[in-house]
2 protein chains.
Amino acid sequence: MAAKPGGARSKRIQKAGLQPRPGEERRGDPTLSRERIVASAVELLDAHGVNGLTMRGLADAVGSGVMSLYWHVDNKEDVFDLALDSVLEYRGTSEPGEAQDWRGAVVQGLEDWRANMLRHPWSISLLPRRALGPNILYRLERLSQALSSAGVAAADLNIALWTLWNYVMGATITRASFVRSGGERTAEQPATQPTGRYPTIERSGLLRENDWDGTFSRGLDLLLNGLVPPRP
Amino acid sequence: MAAKPGGARSKRIQKAGLQPRPGEERRGDPTLSRERIVASAVELLDAHGVNGLTMRGLADAVGSGVMSLYWHVDNKEDVFDLALDSVLEYRGTSEPGEAQDWRGAVVQGLEDWRANMLRHPWSISLLPRRALGPNILYRLERLSQALSSAGVAAADLNIALWTLWNYVMGATITRASFVRSGGERTAEQPATQPTGRYPTIERSGLLRENDWDGTFSRGLDLLLNGLVPPRP
DNA sequence: CAAAAGACTCGTACAATGTACGATTTAGTG
DNA sequence: CACTAAATCGTACATTGTACGAGTCTTTTG
């Protein structure tokens, strides 16, 4: 078993100015790397969904032989892990905005989180299998700090955190299973076309709901009210 | 394309008293049926997880040839759908307990839901792909009625419903990705073994949490307080 | 500089899988 | 009996992940 690149990954020095076309990034040369593999994997997943990602396809997209991938990556599962974590990276103002508007910070953080996942619907179906990559942890940390600064007691912090996290996860999954990538709905007909078997639901138009974003943030508001009761 | 058994499925009449062994249910004879296939699929999923279910294995478990399955079932996806819905069936007192203790009804319903999924961890990883089989709808309907009887205004009903549902889904998925079937944890080491990169989280012991049930119901309490403010 | 060690690439091969096809058997009806 | 429909299932194939080991290029060492 040869040593594979671990924490410090190797990067070949490129012979400067010798690429076939300077503008053309993909195809062949630019040396294989874990980053490039993951980036391509994300593209493929975005384009063809979870089942559309094959090692062969990935190799093609990257411009390498199939087995070359395995030098940089343990196996396909590993690719999934890396792609998932990559997509969850937090890109935003680096510092949690200091005390001030904790509520805004929480809402913004959670909405960004949700938006990131919805941008890559496949990520949602990967979450249940493996969670808690470094990027998720970082987001939890930020959330944690915001709540803390909002005056949530240490004893309640965990509950508050889990409650929020659960809410986001659930909302994202729910919405994703309703609205498919193509834009068409997934919900079974018996649900959208009234059958009389689910009277209350049908009357409320639950399944005709389509203001997902609005519902999400209004629910979040309620939740936050429950967790951190507004000025008494 | 021959007509396959759809809504009204056919059931061969069994030659009474001619089974090889009366006690031995599985193995061969007892005529193939969608129900039997689904039941076996659930067993296999429970035993070997999502990746452990193969059509060949399923055929063996049922005592038939592989291709015979395809008479009763469209494809493997279909098997997943059916297995998922089967596991989510509500088995309990048939009538929503009438006005009275709506809160108890809601809590009981949601906890039963969660328990069902945790009993079959694979179900959780299937949810994101396809939701809303008839059994899920039925559960939503019950929930809806309970909330309605609690005095939640029609306008707020959808939000309340989604918020609760989202919470349950998220909580279940979260817990499942922490506690693996084997009993060992999944969380990455950097999380459980302090690294100093996530100070707030580590201080709070978030990831060492193991009273999942308690956390779940306490969070649920908070949520319900937010949705239906207790007597003013 | 030579040569050995390592880092990386990749063609071939194989076992496992889902399922199309069509032949075959069984049950039900006249 | 013959005829039809329902149900079973063996064979065959394309697609997949990846083990193996040979090949190439880069770096280190003597």
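In what follows, chains carry the letters A, B, and so on, assigned in the order in which the sequence lines appear, proteins first and then strands, with residues in each chain numbered from 1.
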**Q.** N/O (side chain, His72(B)) to phosphate O (OP1/OP2, dT8(D)) under 4.0 Å
**A.**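 Indeed, a polar side-chain atom of His72(B) lies that close.
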Q.
Counting only side-chain nitrogens and oxygens, does Ser68(B) get under 4.0 Å of the OP1 or OP2 atom of dT8(D)?
A.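 For Ser68(B), the contact criterion (side-chain N or O under 4.0 Å from OP1 or OP2 of dT8(D)) is not met.
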Measure [atom1]/[X] against [atom2]/[N] and give the value in whole Å, please.
X	N	atom1	atom2	answer
Asp60(A)	dT9(C)	CG	P	16 Å
Trp71(B)	dG18(C)	CH2	P	21 Å
Leu32(B)	dT26(C)	CG	P	15 Å
Asp78(B)	dT19(C)	CG	P	10 Å

Q) Using a cut-off of 4.0 Å between protein heavy atoms and nucleotide atoms, how would you tag nucleotides 13-20 of chain D 5' to 3' with B, S and -? A) ---BBBBB
By salt bridge (charged side-chain N to carboxylate O under 4.0 Å, His left out) - contacts of [X] (at least two apart):
X	result
Asp213(A)	Arg114(A), Arg175(A)
Glu111(B)	none
Arg119(B)	none

Q) What pairs with Val66(B) under side-chain contact (heavy atoms from CB on, under 4.5 Å), at least two apart in sequence or on another chain? A)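 With sequence neighbours excluded, Val66(B) shows a side-chain contact (heavy atoms from CB on, under 4.5 Å) to Met55(B), Arg56(B), Ala59(B), given in chain and number order.
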Q: Go through the structure and list residues passing side-chain contact (heavy atoms from CB on, under 4.5 Å) with Ser123(B), not counting sequence neighbours.
A: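 Ser123(B) satisfies side-chain contact (heavy atoms from CB on, under 4.5 Å) with Leu84(B), Val87(B), Met117(B), His120(B) once adjacent residues are dropped.
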Q. Can Trp165(A) and Thr174(B) be counted as having a side-chain donor-acceptor contact under 3.5 angstrom?
A.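 Result is yes, a qualifying pair exists.
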Q: Return the nearest nucleotide to the side chain of Ser64(B); candidates are dA7(D), dC10(C), dC9(D).
A: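 It is dC9(D).
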